[in-house]
Novice: 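Before anything else, here's the structure in question.
Values reported hereafter were calculated over all heavy atoms of this structure, with side chains retained and with hydrogens, waters and symmetry mates removed. Since the model is a prediction, treat every value here as computed from it, not as a measurement. Letters go in sequence order (proteins before strands), and every chain restarts at 1.
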Amino acid sequence: MKEQYDFKKQEAKWQKFWEKESIFKFDSRKSGKIFSIDTPPPTFSGKMHLGHAFSYTHEDIIARYQRMNGKNVFYPFGIDNNGLATAKLVEKANNVRFFNLERKDFIKLCQSTLKKLTPDFIADWQKIGMSCDFSKIYSTISPESQKISQEHFIELYNQDRVYQKNSPILWCPECQTAIAQAEMEDKEMPAFFNEIEFKLEAGGRIIIATTRPELLPSCVAIFVHPKDQRYKDFIGKTVIVPLFNQKVKIIADDKVDKEKGTGAVMCCTFGDTTDIEWFLKHKLPLQISLGKDGKMNKLAKEFVGLPAKIAQRKIVEKLKEKNLVKDQKRITHAVNVHERCGTEIEILPTKQWFIKYLDLKDQFLKQSIKLNWYPPYMKVRLDNWIKGLGWDWCISRQRYFGTPIPVWHCEKCGEVILADIKELPIDPIHSKPKKKCKCGSEKYIPEKDVFDTWVTSALTPQIALSLIKDKKVRDKMIPMSLRPQAHDIINFWLFYTLARSYLHLKKLPWKDVVISGFVLDPEGKKMSKSKGNIIEPQKIIDEYGTDAMRFWAAQSALGEDLRYSQDEIKIGKRTVIKIWNASKFALMHVENYSPRLTDIKYLEDEDKWILSKFYEAIEQYTNKMDKYEYSRAKEIIDNFFWKNLCDYYLEIVKSRLYNQGDNKTKRAAQFTLYNIILGSLKLYAPIAPFITENVYQDYFRKKEKIKSIHLTRLPKLEKKLYFKKTANDFELVIDAIARIRKHKSEQHLSMKADLKKVFIETKNKNKLKKYLPLISELMFVEKIELK
RNA sequence: GGGCAGUUAGCUCAGUGGUAGAGCACUGCGUUCACAUCGCAGGGGUCACAGGUUCGAAUCCUGUACUGCCCACCA
């Protein structure tokens, strides 16, 4: 073995080796129970970030552990590239907007851009040492995935779970599409809180407060609180909206906050979700002044065609001219923005497709109970979300790039014509229905909308399993064993997958769910581009290596957030080097040794001690790993390896190893070292796959005959290598060594300084006595007296 | 406003009823013989606060404060 470990060279080498030798290829005929993982397909929207490196390391540790524990691991890899995020990346990369291109040209552009960028994107995931089967990768935009998505849509349609409805929907003017409830987020924005005077028809005035004066043309009512003394006499009266002159009523509703603004508020269809509520409850007219492109329409009269923000400024100017603005306060308030682009959400009535599921809330909650949650408290987040659901699932998006909704509409009677299952996947724009409409018409209008990305990614269990050709095997694999993911998308991906699995199969999609936390910056803040505190995993890997990065990631338990700290990465790197050095030393002494079980009978007590310590470590490690507590498992192997093995055993056993010739006690030491080093490497292998593979290949492979350490089995609990009593007694030696070390340290002596005489206090003089020669030799003490 | 989690050494975190732990950082000592990308040793904490249960509480209960996250509100 070479002197220094070159992680850059070796990590690249072993990654290639795994690919070339198909080490992680799934074969359903292999032995062992299947452990299947519903790998999160990363959204194709840019580079891998540190949070990815963190959580994908967690699931990979689990996958590698399960594999070495004898399971036949199905660990696919996919890319989520069918949605808005990908389309936006394509727009940015090519400096275009989708609506300026022909639909088919934009789709072509997406496909060519994907082709160009995908290899580098996947390389990032391979670089962090993921043990997926990269020979078969699914993409959520592939024809196969589209087919699955469309099939399942048709299934739901036939179950009467799909409907189309004209309704107020959350709309992003930037992306020009409907979005789902879950895609909104809060953002603090500065605004003016304007107090505007409205004249009553019968004389008098009322002052309302608003941040959205540009919506005056859509004002359909004024609301006040029923118990507000100030406005008691106004209820039921008619006011005239300034500038636009429509007449609206003053209505009482207890949802009005008396304390806010002037206590009087205008209702516009639609400014926010409360407006929708009032619109429905009080049967108000629908007045839309804002277009899908975020510009004012002709209802805004002279302000037509202006973007909302500019219209707002001009309208306020005009109101000021007429002396109708009574006050204007600068405030910051939280507004709903689209999480993908940060644009303020508008509410527009449009025709959209929905999946009906609000009636199934209780069923979903029951499914949530059946799942095994790691950590358990994450369940509450899903439950809260389910309980709070207020809308059916809006699945349509007004975009070009995505899975088309496979239907046509009859031009004559409006009936929906479903595509034939055998024809899928189809794009209705480019094909025709096979049959006439029931009404006899042959004229149809193709559906132009596409599915939202989550509609398809909620089917990842089905898509992932479609990579397996044998249907019998596939069917047996539902529910899958594990869904790993981060907590930010419990409301989306986890919920939607659970919901769809229930809708289609009445089954859980998986048995276990493990939830990773987030990576925070060194100050404990969320990382974001705007804050400029992004730390790139690629740089860390370049400087310290993947194993070091994985050691860092592995220290955090499931669900726990972890602050990034360079020091912690350095500790990981040190562990890699320590593994290298300790192995190098040990293997130097077992070069010509092949393990023979008969050597057990020559074991010395220190051998029995370390073997027993290792036996206990395996037991505890396995126990933790089985519960997905990899950070605890890491502590156990770290502790064993650094303290017991490197600090004590290797020091104690040195003199026996340096002994020339093939004597029995040396062979026993070699037997011990061989097993302990190989065993430790195996326990470290899920966490640090590269260094362990490297040492294994350099030395153990020719003796163990298995192609990769990652295909070997974890060390077994061998009762005949567990010597509990001897190990307990030997702790006295460890204690004595520590005491002498302390004594020398206090006397400012070298550990190798000779001592004439040392006193050791012990409760077990008799037991310690027989070890005195060993301690004397090891600690350079001529005489030890026990007290 | 509702919910979830957390608060232990300077930092990151273990520790769920029995005399406070680890790693990092810090200090001192020590290098031919696996490793200075090192070894050995040391200093350092009224376990957020206040009550309660108990022979005994970091640990169980109640309340408070603070931090983070999710949800709701956001005219």
Novice: With RNA chain B as reference, determine whether K742(A) or L749(A) sits nearer its 5' end, using the nearest nucleotide of each.
Specialist: L749(A)

Novice: At under 4.0 Å between heavy atoms, what does K387(A) touch on the DNA or RNA strands: base, sugar-phosphate, or nothing?
Specialist: nothing

Novice: Checking all strands, does S556(A) fall into the base, sugar-phosphate, or nothing category for heavy-atom contacts under 4.0 angstrom?
Specialist: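 Contact class for S556(A): none.
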
Novice: For Q747(A), answer base if it contacts any base atom (sugar-phosphate contacts may also be present), sugar-phosphate if it contacts only those atoms, and nothing otherwise; contact means non-hydrogen atoms under 4.0 Å.
Specialist: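 The residue Q747(A) makes no contact with any strand.
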
Novice: Taking N and O atoms by type only, does the side chain of D186(A) place a donor or acceptor under 3.5 Å from a partner on the base of rC73(B)?
Specialist: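 Looking at the base of rC73(B), it does pair with a donor or acceptor on the side chain of D186(A) (distance under 3.5 Å).
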
Novice: Just name whichever nucleotide pairs with rA65(B), Watson-Crick or G-U, keeping both distances under 3.5 Å, else none.
Specialist: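 Per the H-bond distance test, rU7(B).
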
Novice: Does K744(A) reach a base, just sugar-phosphate, or nothing at all? Heavy atoms under 4.0 Å.
Specialist: nothing

Novice: Which one is paired to rA75(B), where only Watson-Crick or G-U wobble pairs with both distances under 3.5 angstrom count?
Specialist: none

Novice: Report yes if at least one side-chain N or O of R212(A) is closer than 4.0 Å to OP1 or OP2 of rA75(B); otherwise report no.
Specialist: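 It does not, given that no N or O in the side chain of R212(A) lies less than 4.0 Å from OP1 or OP2 of rA75(B).
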
Novice: Base, sugar-phosphate, or nothing for K643(A), non-hydrogen atoms under 4.0 angstrom?
Specialist: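 If one applies the 4.0 Å heavy-atom cut-off, K643(A) turns out to touch the sugar-phosphate alone, with no base involved.
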
Novice: Could you tell me the Watson-Crick or G-U partner of rC33(B), where both distances fall under 3.5 Å? Say none if there is no partner.
Specialist: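 Its partner is none (no Watson-Crick or G-U wobble pair with both distances under 3.5 Å).
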
Novice: Tell me the interatomic distance from K624(A), atom NZ, to rA14(B), atom P, rounded to whole angstroms.
Specialist: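 These atoms are roughly 12 Å apart.
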
Novice: Identify whether any heavy atom of W642(A) sits under 4.0 Å from a base atom; if not, whether one sits that close to sugar-phosphate; answer base, sugar-phosphate or nothing.
Specialist: sugar-phosphate

Novice: Do E195(A) and K329(A) sit within salt-bridge range, that is, some charged N less than 4.0 Å from a carboxylate O?
Specialist: yes

Novice: Write down the protein N/O and nucleotide N/O pairs, taken from nucleotides 2-5 of chain B, whose separation is under 3.5 Å; answer none if there are no such pairs.
Specialist:
{"residue": "rG3(B)", "atom": "O2'", "partner": "N384(A)", "partner atom": "ND2", "Å": "3.0"}

Novice: Expressed in angstrom and rounded to an integer, what is the separation of K578(A) atom NZ from rC35(B) atom P?
Specialist: 10 Å

Novice: May I ask you to say what F518(A) touches in the nucleic acid, namely base, sugar-phosphate or nothing, with a heavy-atom cut-off under 4.0 Å?
Specialist: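 No contact at all - F518(A) keeps every heavy atom at 4.0 Å or more from the nucleic acid.
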
Novice: State the pairing partner of rA25(B); accept Watson-Crick or G-U wobble contacts with both distances under 3.5 Å, and report none otherwise.
Specialist: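 With both distances under 3.5 Å required, rA25(B) matches none.
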
Novice: Name the pairing partner of rA14(B), where a pair is Watson-Crick or G-U wobble with both distances under 3.5 Å, or state none.
Specialist: none

Novice: Measure from CD on E277(A) to P on rA72(B) and round the result to the nearest Å.
Specialist: 13 Å

Novice: Look at the side chain of H487(A) and decide which nucleotide, out of rA41(B), rC69(B), rC74(B), has an atom nearest to it.
Specialist: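 Closest nucleotide among those given: rC69(B).
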
Novice: Classify C646(A) by what it touches in the nucleic acid, base, sugar-phosphate, or nothing, heavy-atom distance under 4.0 Å.
Specialist: base

Novice: Using a 4.0 Å heavy-atom cut-off, does V256(A) contact any base of the nucleic acid, only the sugar-phosphate backbone, or nothing at all?
Specialist: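 Answer is base: heavy atoms of V256(A) come under 4.0 Å of a base.
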
Novice: Could you check whether the side chain of N336(A) and the base of rC74(B) have a donor-acceptor pair of N or O atoms closer than 3.5 Å, going by distance alone?
Specialist: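 A donor-acceptor contact between them is present.
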
Novice: Of the nucleotides rG23(B), rC40(B), rG68(B), which has the atom closest to the E568(A) side chain?
Specialist: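 The closest nucleotide is rG23(B).
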
Novice: Within the 3.5 Å criterion, strictly below it, is a donor on Y648(A) or E606(A) matched to an acceptor on the partner's side chain?
Specialist: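 Per modelled atom types, Y648(A) and E606(A) side chains form no pair under 3.5 Å.
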
Novice: Just the rounded figure in Å: distance from P of rG39(B) to OH of Y648(A).
Specialist: 13 Å

Novice: Please tell me which of S750(A) and H333(A) maps to the more 5' nucleotide of RNA chain B, matching each residue to the nucleotide holding its nearest heavy atom.
Specialist: S750(A)

Novice: First locate atom NE2 of H589(A), then atom CD of Q670(A), and finally report the distance between them rounded to the nearest 0.5 Å.
Specialist: 9.5 Å

Novice: Hey, what do you get for OH (Y5(A)) to CG (D547(A)), rounding to the nearest 0.5 Å?
Specialist: 5.5 Å

Novice: Looking at every strand, decide which applies to S565(A) at a 4.0 Å heavy-atom threshold: base, sugar-phosphate, or nothing.
Specialist: nothing

Novice: Give one of base, sugar-phosphate or nothing for D383(A), where a contact means two heavy atoms less than 4.0 Å apart.
Specialist: nothing

Novice: Does the Lys NZ or Arg CZ of R483(A) fall within the cation-pi geometry relative to W493(A) - under 6.0 Å from the ring centre and within 45° of the axis?
Specialist: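 Positive - R483(A) is close enough to the ring of W493(A) and near enough to its axis.
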
Novice: For a quick check of understanding: with a heavy-atom distance under 4.0 Å over all strands, which category does A334(A) fall into, base, sugar-phosphate or nothing?
Specialist: base

Novice: Under 4.0 angstrom, heavy atoms only, what part of the nucleic acid is E195(A) near: base, sugar-phosphate, or nothing?
Specialist: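 Here E195(A) touches no strand at all.
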
Novice: Any strand is fair game: report the nucleotide pairing with rA58(B) by Watson-Crick or G-U wobble, both distances under 3.5 Å, or none.
Specialist: none

Novice: Ignoring the backbone of N581(A), work out which of rC35(B), rG39(B), rC73(B) is nearest its side chain.
Specialist: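 The nucleotide sitting nearest to the side chain is rC35(B).
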
